[in-house]
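A short write-up of the structure that comes next.
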2 protein chains.
Amino acid sequence: MVTIGDVASAAGVSRSTASYALSGKRTISPEVRAKVLLAVESLGYTPNAGARALATSQTRVLALLGQFLPDEFAPAMLQYILGVTNRARELGYDTLLVSEDDGAAALKRISDSRMVDGFVLLNVAEHDTRLPLLRSAPQPGALVGLPGSPDGLDVFDLDFDATGSFMVDTLHDLGHRELILVSQPEHVVERGGAYVWRLRDGAKRRADELGVRIHTFFGSSSQPQIGADLHRFLDAHPDATGLLLNNEAAAAALPSVLVARGMTSPEDLSVIGRYSDDFARTFSLPFSAVDSAAEELGRRAVEQLVHRIEGGHAATPAHLELIAPVLDDRGSIAAPRP
Amino acid sequence: MVTIGDVASAAGVSRSTASYALSGKRTISPEVRAKVLLAVESLGYTPNAGARALATSQTRVLALLGQFLPDEFAPAMLQYILGVTNRARELGYDTLLVSEDDGAAALKRISDSRMVDGFVLLNVAEHDTRLPLLRSAPQPGALVGLPGSPDGLDVFDLDFDATGSFMVDTLHDLGHRELILVSQPEHVVERGGAYVWRLRDGAKRRADELGVRIHTFFGSSSQPQIGADLHRFLDAHPDATGLLLNNEAAAAALPSVLVARGMTSPEDLSVIGRYSDDFARTFSLPFSAVDSAAEELGRRAVEQLVHRIEGGHAATPAHLELIAPVLDDRGSIAAPRP
DNA sequence: CTGAAAGCGCTTACAG
DNA sequence: CTGAAAGCGCTTACAG
């Protein structure tokens, strides 16, 4: 392989001069600089990443810790992942994708071995076992998902509380007075999926304030159970005129459920979901929905992380950013039948 | 950070002895070994990845080069990715996920900087611009997707030709004599998506042999166009009794198209798709389908790659593995109406 | 403006 | 069975 020594020889300068000419960390005469660059070009020199990491303690790599839990909606993960990898690359970083079940062990292993400059944690739970390790790690981290105690950490998430409130508000404005909310399965809640209860609590509170009745349910995260669930919920509350979905599988199953019941949306039922626009397009989901903002969250997390790696030191205080709900209107909400 | 020097001091031995005690590359007396392990434990020592990479020229990292093309089905990618990352971890490797548009440039950059020990290429095209670079790279690679000239490279893919042939066979056995095949959009073909024509050609050949009429179309990869496409294809050939889908968006759109036409499957139309089981479950697609084998292909590619990295040298000859089609029967195929 | 040298934290021949 | 030393390819004070 071609090393900086080869470049230096070819350019007729010392290795340090070659290095400085490339990094620009001290002034180099134009002629010398040109000779070095020429040598780099003709030899096809690229610095050895391991050697550079050893010398500088910087890897230019970020770790992305996914949590691919059973009964959670895996395909949605790709949006977050691409947001992270693409933005990282734009900022000059590569991304190590970690999918191990034991995220805490993975974080420790990777942190201790100094493979990366920082961590992005996806799908952060209420009491996430990765957080204590992250706090004591020498590398900074950014979270996608709001944990119970975010103190000192940079956190990015959709404002699920405001999302629940917004959904109720929107339907109330149109005249709806009785709603059904279908959330993720209960065990998602049990393992700390705070977004489930944050959206639900926001919806309930707002419903209380407005005098709207709301019935909340946990739905299965896969077929065919979620289809049966939806029938059951709709049977139980035949007077409900609006349906809120915080469950991707429910959104995917709903069209055929509606057909089976001889219902159409929004005529017989107004529907608001919470999922990504990309998801909606791919699967032709015809429901208005609050966008998950997956890619944006991934990008924002990386930006903050890189900021902290490169400049921030302990300078910047912890950053908590909850993205406000934005509705993609696909025409599935309207005033209820008189 | 704690280094092997700290471990050596704590154990009262030299750094080389500490290193050998950990690697097992030469015999160490049980007592010394115990002292070293104790020191490692109490100090919490983990080797520095950069230093090790520099010394050994091995990173224990694989690069995964995705190609996230517009108009291709992104969510399906996650299956391949998880197959790769999980199997890599089992074999002791971490995975660098690369999503840059210019895969060739990325490959060169990562190869030259010696960041990884090998490459997995996803979504390989007929004339993939990454292949020349991979061939001249010092690190080995494994492909998921069959290119026009696979010479010398390890390749894993679904046997799309056999899949097309199998689909026709299956419906012919049930008595079908006129079929429609809906493929990915034509520009997927134009940019070298060989799996499109491999399946189609396999289907056509077998149809010819069996005296079955088959009408082949390109369909859009997104809504709402693909819905309109499907109506058009079905209108054009009202006597066709079987539908073959090599297009995920078509599979997702078909249920509502059938409802709109007042048709049911398999009574009015037998349907066979090609997509992953996971995909079918998540979106409750009720169609029998040949499994994409995404996760398996990812895993197999990694296994072969690691084999080549660790033992194979130039030893093992190139490996070409086309996985035979396996049908997940979801009850959407039957004999045509008499 | 440039060069010689030390050092990052490992591994592994070379000696004993 | 163990230790002292060289070397992997960089960067960056230290000198001039």
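Predicted model, so just to flag it, every value in this text is computed and none were measured.
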Contact check, side chains of P140(A) and I309(A), non-hydrogen atoms, under 4.5 Å: yes
K108(A) NZ to D102(A) CG distance, which is reported to the nearest 0.5 Å: 12.0 Å
Reading DNA chain C in the 5' to 3' direction, which nucleotide is the first one with an atom under 4.0 Å from a heavy atom of chain A, and which is the last? dC1(C) to dG9(C)
Within residues 2-17 of chain B, find the residues that approach DNA chain D with a heavy atom at under 4.0 Å, and present them sorted by residue number. V13(B), S14(B), S16(B), T17(B)
Do we see a donor-acceptor contact under 3.5 Å between the side chains of T17(B) and S14(B)? yes
When you measure from the side chain of R114(B) to the backbone of A51(A), do you find a donor-acceptor pair of N or O atoms at a distance under 3.5 Å? no
If only atom types and distance count, is the side chain of N123(A) paired as donor or acceptor with the main-chain N or O of Q67(A) below 3.5 Å? yes
Just checking, is any N or O donor in the side chain of S276(A) or S292(A) under 3.5 Å from an acceptor N or O on the other one? no
Which atoms form the tightest heavy-atom contact between L122(B) and R130(B), and what is the distance? O-NH2, 2.8 Å
Which dot-bracket string fits DNA chain D when only Watson-Crick or G-U wobble pairs with both atom distances under 3.5 Å count, crossing pairs get [ ], and | stands for a partner on a different strand? |||.||||||||.|||
Sugar-phosphate only, base, or nothing, as touched by S19(B) at under 4.0 Å among non-hydrogen atoms: base
Indicate, with a heavy-atom threshold strictly under 4.0 Å, whether T56(A) touches base, sugar-phosphate, or nothing. sugar-phosphate
Side-chain H-bond candidate by donor/acceptor type, Q139(A) with D117(A), under 3.5 Å: no
Check: S19(B) side chain, R15(B) main-chain N or O, donor-acceptor pair, under 3.5 Å: no
